[in-house]
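Report on one structure; see the data block that follows.
These values consider heavy atoms only, across backbone and side chains, with no hydrogens, waters or symmetry-generated copies. The model shown is predicted, which means the values in this text are computed figures rather than measured ones.
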Amino acid sequence: AMEKSYVTLFVLLIVISCALAKDAGKKDSKDTTAKPKLPQTLSRGWGDQLIWTQTYEEALFRAKHSQKPLMIIHHLEDCPHSQALKKVFAEHKDIQKLAEKFILLNLVYETTDKNLAPDGQYVPRVLFIDPSLTVRADITGRYSNRLYAYEPSDISLLYSNMQKALKLLKTEL
């Protein structure tokens with residue numbers, strides 16, 4: 001009988017340690033064992049916990065059917081300006097939280113849709129599209145020669161532009 005109680009105790013300890021490990025993972029999102037919802041390839045580092053669409057077509061479809069605005073980030077992996085913006089975007093807690101209210105797409109290639117390059121095909125550039133599938137050419141950054149460009153120092157402007165995109169949605173629908 002003695003041996004049996006040892007076994008039970010041992011099994012119980014394993015169960016408890018697993019449960020504790022699970023709770024620890026929940027609390028600390030930086031825990032490397034906490035798996036992102038999607039393969040990290042789609043986020044490309046812009047927010048691994050966010051849900052990113054795979055293609056422009058899918059993004060448009062989702063925006064229309066969910067009645068959420070779409071945020072498109074054009075960037076290139078080997079562009080230092082893109083990398084710098086990505087870093088501050090991914091580390092900005094308020095932006096990451098607000099981004100959950102958008103359909104999200106980041107692209108490392110250009111689409112054939114000329115509306116996504118109202119003033120040229122530069123990177124990084126961020127455009128907002130409302131659920132009626134209209135590109136919001138009125139939501140711009142601070143540079144007159146590259147209207148949809150953002151530098152890392154413009155991150156609070158990008159945040160307020162995200163808020164603007166959500167607000168416009170409420171007033172127009």
Side-chain angles (χ1 to χ4, degrees), residues 29-30 36-173:
S29 59
K30 285 187 196 72
K37 292 179 192 125
L38 284 171
Q40 201 255 321
T41 48
L42 281 184
S43 94
R44 296 190 181 91
W46 288 86
D48 296 346
Q49 299 300 326
L50 294 166
I51 295 170
W52 295 86
T53 48
Q54 198 154 8
T55 63
Y56 180 46
E57 292 70 28
E58 181 198 348
L60 289 175
F61 179 84
R62 287 206 187 171
K64 191 175 179 173
H65 290 273
S66 68
Q67 291 299 300
K68 285 180 175 180
L70 162 61
M71 177 162 66
I72 298 185
I73 303 169
H74 289 268
H75 64 109
L76 286 172
E77 295 293 345
D78 58 0
C79 159
H81 299 285
S82 295
Q83 291 299 327
L85 184 63
K86 177 198 292 194
K87 189 174 177 344
V88 295
F89 186 93
E91 288 171 4
H92 195 292
K93 288 194 175 61
D94 292 335
I95 277 187
Q96 291 289 311
K97 188 90 197 100
L98 198 60
E100 293 173 6
K101 299 187 168 150
F102 287 82
I103 302 299
L104 299 167
L105 177 66
N106 69 76
L107 291 175
V108 287
Y109 53 87
E110 294 292 338
T111 67
T112 52
D113 188 346
K114 296 282 171 281
N115 296 314
L116 289 189
D119 65 344
Q121 297 189 331
Y122 50 88
V123 294
R125 70 180 195 279
V126 182
L127 288 136
F128 296 95
I129 298 178
D130 66 28
S132 74
L133 305 189
T134 307
V135 174
R136 299 307 308 224
D138 54 340
I139 303 181
T140 56
R142 67 170 87 244
Y143 307 103
S144 53
N145 60 335
R146 293 186 164 193
L147 292 174
Y148 309 98
Y150 297 86
E151 294 281 317
S153 57
D154 304 324
I155 198 71
S156 58
L157 175 62
L158 180 55
Y159 179 63
S160 66
N161 277 349
M162 287 168 71
Q163 290 175 311
K164 198 194 251 176
L166 288 164
K167 241 185 229 109
L168 284 171
L169 193 65
K170 287 200 182 74
T171 55
E172 288 171 17
L173 287 182

Is Arg146 reaching over with its side chain to a backbone N or O of Gly120, donor-acceptor style, under 3.5 angstrom? no
Would you give the length of the straight line joining atom CG of Asp154 to atom CG of Asn161, rounded to the nearest 0.5 angstrom? 10.0 Å
Could you tell me whether a side-chain N or O of Tyr148 sits under 3.5 Å from a main-chain N or O of Asp119, the two making a donor and an acceptor? no
Any donor and acceptor pair, going by atom type alone, linking the side chain of Glu58 with main-chain N or O of Gln54 inside 3.5 Å? yes
Backbone N or O of Phe89 within a donor-acceptor pair of the Gln96 side chain at under 3.5 Å? yes
Within a strict 4.5 Å, meaning less than it, do heavy atoms of the Ser66 and Ile103 side chains meet? yes
Minimal heavy-atom distance between Leu116 and Ile129, with the atoms involved, is CD2-CD1, 3.6 Å
Heavy atoms only: give me the nearest Gly45-Ala90 pair and the separation to one decimal. O-CB, 3.4 Å
Validation row: His75, Val108 side chains within 4.5 angstrom (heavy atoms): yes
Looking at every non-hydrogen atom in both residues, tell me the closest pair between Ala63 and Leu70 and how far apart they are. CB-CB, 4.0 Å
Using 0.5 Å steps for rounding, measure from the NZ atom of Lys167 to the CD atom of Gln163. 5.5 Å
With a 3.5 Å cut-off and no angle check, do the side chains of Tyr159 and Asp94 form a donor-acceptor pair? no
Indicate yes or no: at least one non-hydrogen side-chain atom of Leu85 is less than 4.5 angstrom from one of Trp46. yes
Using the side-chain contact (heavy atoms from CB on, under 4.5 Å) rule, take Glu110 and His74 through it: C-alpha gap first, then chi angles, then the decisive distance, then the call. CA-CA 8 Å; Glu110 294 292 338; His74 289 268; 3.7 Å; yes
Between Lys86 and Glu77, does any NZ, NE, NH1 or NH2 come within less than 4.0 Å of an OD or OE carboxylate oxygen? yes
If you take all heavy atoms of Asn115 and Asp113, which pair is closest and at what distance? N-OD1, 2.9 Å
What are the two closest non-hydrogen atoms of Arg142 and Leu157, and how far apart are they? N-CD2, 3.7 Å
Look only at the side chain of Trp52 and the backbone of Gly47, and say whether a donor-acceptor pair between them is shorter than 3.5 Å. yes
If you define the side chain from C-beta out and look only at heavy atoms, does anything of Thr53 sit under 4.5 Å from Arg62? yes
Quick check for you: to the nearest 0.5 Å, what is the distance between Leu158 atom CG and Glu151 atom CD? 12.0 Å
What are the two closest non-hydrogen atoms of Asp130 and Ser132, and how far apart are they? OD1-OG, 2.6 Å
If you draw a 6.0 Å radius around OH in Tyr143, do more than 12 non-hydrogen atoms from other residues or ligands fall strictly inside? yes
How many angstroms lie between OG in Ser82 and CZ in Arg125, if you round to the nearest 0.5 Å? 10.5 Å
Rounded distance (nearest 0.5 Å) linking atom CD1 of Ile95 with atom CD of Glu100: 13.0 Å
Counting only heavy atoms not in His81, do more than 12 sit closer than 6.0 Å to its NE2 atom? no
Atom pair CD/NZ of Gln121 and Lys114 - distance to nearest 0.5 Å: 6.5 Å
Any Ser43 side-chain heavy atom under 4.5 Å of Leu50 side chain: no
